A.B. asks: 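I am attaching a structure below and will ask some questions about it afterwards.
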Amino acid sequence: MKQYDKIRTHKTFNRTKRMYVLATVLILSFIYIVALVSTPFDINSSSVSTLETLRRLFIEPLINTDNYEKYPEYIGYMLETIAIAYAGIFVATILAVPVGFLAARNVGGRLSYIGKALLNAIRAIPELIFAIIFVAAVGIGPYAGVLAISINSIGMLGKLYAEVIESIDSENVDAIKASGGNRVQSMWYGILPQVLPEFVSYSLYRFEIDVRASTVLGIVGAGGIGAPLILATYQRNWEEVGMILVVVVVFVSLIDVLSGAIRKRLI
């Protein structure tokens, strides 16, 4: 009898759960339908219809062979964007290591609060703001983009590095100290071998993010493919915008697949 009541209670619970899910789906569907019906999709500043704009943006760059001769130029801009991201993450990977050790509680001690405060201050400022500052300081070009990417990446990588260092197995470090090793030796032989694979993995992941960020930095004059993209948008040259987006999507997808494969081998 108790087992029968348990089965009946379970069926009632499942039926109630399905009713909640169905009601949620119906309510959300109604909200989306109302939003789509009541939202105007006309471009007030243009006489071209929305469907025509979408066709020029997504279809024309793929089917119009006359535009193919422009792809090498955009690929060159994209390679410059990738170079900016690579240079920025290379600098950030090196500089984030000492900051990460400083911010780790098990290594930095009381000074870890200074390291964490520094990393929080860096992460609070978007890379676009850094790019604007460095464009004003060093001028328009990729150098400003590299500085913006590197400084912003230090904030995120330093935080991740510190968390990895705080989660290490301290037995190796204690063994080195017990055998007469100093602080530097304990970090070099006890901590680094444990954290280095994750450091590289986080750097690769951050490189993916920096490639996307570098695409945007060109808008403020920090080099890369962002400058022609924003110029084509202002001119409403949707075919050119579509071609640039095709190049960006292809290269970002390739980088994601490649870095993902490398991370799987490391971890």
Side-chain angles (χ1 to χ4, degrees), residues 45 74-104 108 111-165 199-237 240-241 244-245 247-249 251-253 255-256 259:
S45 59
Y74 300 138
I75 291 174
Y77 282 118
M78 190 63 202
L79 292 176
E80 183 182 34
T81 298
I82 295 174
I84 292 172
Y86 176 78
I89 196 62
F90 181 78
V91 174
T93 300
I94 297 174
L95 296 182
V97 172
V99 181
F101 274 97
L102 177 64
L111 295 177
S112 63
Y113 294 103
I114 299 176
K116 290 183 183 298
L118 176 62
L119 294 175
N120 290 335
I122 294 175
R123 291 200 312 277
I125 304 175
E127 62 267 2
L128 191 61
I129 303 300
F130 278 122
I132 294 174
I133 294 173
F134 286 122
V135 164
V138 302
I140 295 175
Y143 185 46
V146 172
L147 291 175
I149 290 294
S150 60
I151 297 298
N152 189 262
S153 296
I154 288 173
M156 181 56 67
L157 288 179
K159 175 181 172 57
L160 295 173
Y161 288 178
E163 292 178 353
V164 172
I165 295 169
F199 279 10
V200 177
S201 177
Y202 281 132
S203 296
L204 288 172
Y205 179 68
R206 182 65 196 186
F207 174 65
E208 300 174 19
I209 299 174
D210 287 343
V211 171
R212 302 182 184 93
S214 300
T215 303
V216 181
L217 296 187
I219 295 175
V220 296
I225 203 170
L229 176 61
I230 194 65
L231 182 62
T233 304
Y234 285 154
Q235 295 176 346
R236 298 191 181 277
N237 190 348
E240 188 172 343
V241 172
I244 295 174
L245 292 179
V247 172
V248 171
V249 169
F251 274 88
V252 169
S253 300
I255 291 172
D256 285 348
S259 63

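Throughout, residue positions are numbered sequentially from 1 according to the sequence presented. All values reported here derive from a predicted model rather than from experimental measurement.
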A.B. asks: Can you measure from CD1 (Ile165) to CG (Leu160) and round to the nearest 0.5 angstrom?
C.D. replies: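 Separation between the atoms: 11.0 Å.
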A.B. asks: Does atom CD1 (Ile140) have a neighbourhood of more than 12 heavy atoms from anything else shown, all under 6.0 Å?
C.D. replies: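 Result for CD1/Ile140: open.
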A.B. asks: Using the ring-ring contact (aromatic ring centres under 6.0 Å, His included) criterion, which residues pair with Tyr161? Sequence neighbours excluded.
C.D. replies: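 Here the qualifying residues are Phe199.
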A.B. asks: Using 0.5 Å steps for rounding, measure from the CG atom of Leu111 to the NZ atom of Lys116.
C.D. replies: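 Reported value, rounded in 0.5 Å steps: 12.5 Å.
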A.B. asks: How long is the gap from CG on Leu204 to CG on Asp256, to the nearest 0.5 Å?
C.D. replies: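 With rounding to 0.5 Å, CG (Leu204) is 11.5 Å from CG (Asp256).
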A.B. asks: For Leu119 versus Gly158, what's the shortest heavy-atom pair and its separation?
C.D. replies: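 Answer, listing the atom of Leu119 first, then Gly158: CD1-C, 3.4 Å.
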A.B. asks: Do Ser203 and Leu157 come within less than 4.5 Å of each other through their side chains, counting heavy atoms only?
C.D. replies: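 Yes. Closest side-chain heavy atoms under 4.5 Å.
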A.B. asks: Calculate, to the nearest 0.5 Å, the distance between atoms CD1 and CG belonging to Ile84 and Asp210 respectively.
C.D. replies: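 It is 11.0 Å, given to the nearest 0.5 Å.
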A.B. asks: If we only count heavy atoms from C-beta on, is the Leu95 to Ser150 side-chain gap below 4.5 Å?
C.D. replies: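 A side-chain contact under 4.5 Å is absent here.
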A.B. asks: Check whether any side-chain heavy atom of Ile255 sits under 4.5 Å from a side-chain heavy atom of Arg212, and report yes or no.
C.D. replies: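 No, every pair of side-chain atoms sits at 4.5 Å or beyond.
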A.B. asks: Over all heavy atoms of both residues, which pair between Val135 and Val220 is shortest? Give the atoms and the distance, please.
C.D. replies: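 That would be CG2-O, 3.6 Å.
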A.B. asks: Can you tell me how far the CZ atom of Arg123 sits from the NZ atom of Lys159, to the nearest 0.5 Å?
C.D. replies: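 One finds 5.0 Å between CZ of Arg123 and NZ of Lys159.
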A.B. asks: With side chains defined as the heavy atoms from C-beta onward, is the minimum distance between Ile75 and Phe251 less than 4.5 Å?
C.D. replies: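 Sidechains of Phe251 and Ile75: in contact.
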A.B. asks: With heavy-atom distances below 4.5 Å as the criterion, would you say the side chains of Tyr202 and Val164 are in contact?
C.D. replies: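 Side chain of Tyr202 against side chain of Val164, heavy atoms only: contact under 4.5 Å found.
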A.B. asks: Would you say Ile154 and Arg206 make side-chain contact, with heavy atoms under 4.5 Å?
C.D. replies: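 Not touching, per the 4.5 Å side-chain cut-off.
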A.B. asks: At their closest point, which heavy atom of Ala103 faces which heavy atom of Gly115, and how far apart are they?
C.D. replies: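 That would be CB-C, 3.8 Å.
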A.B. asks: Please check this pair: side chain of Thr81 against backbone of Ile225, looking for a donor-acceptor N/O pair closer than 3.5 Å.
C.D. replies: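 Yes, Thr81 side chain to Ile225 backbone: donor-acceptor pair under 3.5 Å.
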A.B. asks: Drop me the distance from Ile133's CD1 to Ile129's CD1, to the nearest 0.5 angstrom.
C.D. replies: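 One gets 7.0 Å once the value is rounded to the nearest 0.5 Å.
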A.B. asks: Taking the side chain as every heavy atom from C-beta outward, state whether Val146 and Tyr86 have any atom pair closer than 4.5 Å.
C.D. replies: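 They are not in side-chain contact.
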A.B. asks: Can you see which heavy atom on Gly88 is nearest to which on Ile149, and at what distance?
C.D. replies: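 What the structure gives for the nearest pair is CA-CG2, 3.8 Å.
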A.B. asks: Sort out for me which residue in Val247, Val248, Val241 forms a side chain to side chain contact (heavy atoms under 4.5 Å, CB included) with Leu229.
C.D. replies: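 For Leu229, the side chain to side chain contact (heavy atoms under 4.5 Å, CB included) check succeeds only for Val241.
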A.B. asks: Among residues at least two apart in sequence or on other chains, which ones pass side chain to side chain donor-acceptor pair (under 3.5 Å) with Glu80?
C.D. replies: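 Glu80: no side chain to side chain donor-acceptor pair (under 3.5 Å) contacts found.
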A.B. asks: Using a 6.0 Å cut-off, check whether atom OH of Tyr77 has over 12 heavy atoms from anything other than its own residue.
C.D. replies: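 No, not enclosed.
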A.B. asks: Are any side-chain N or O atoms of Asn152 and backbone N or O atoms of Ile125, one a donor and one an acceptor, separated by less than 3.5 Å?
C.D. replies: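 Yes, the answer is positive, given that a donor and an acceptor are paired below the 3.5 Å cut-off.
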A.B. asks: Would a 4.5 Å heavy-atom cut-off, applied to side chains only, mark Leu102 and Pro98 as touching?
C.D. replies: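 Side-chain contact under 4.5 Å: no.
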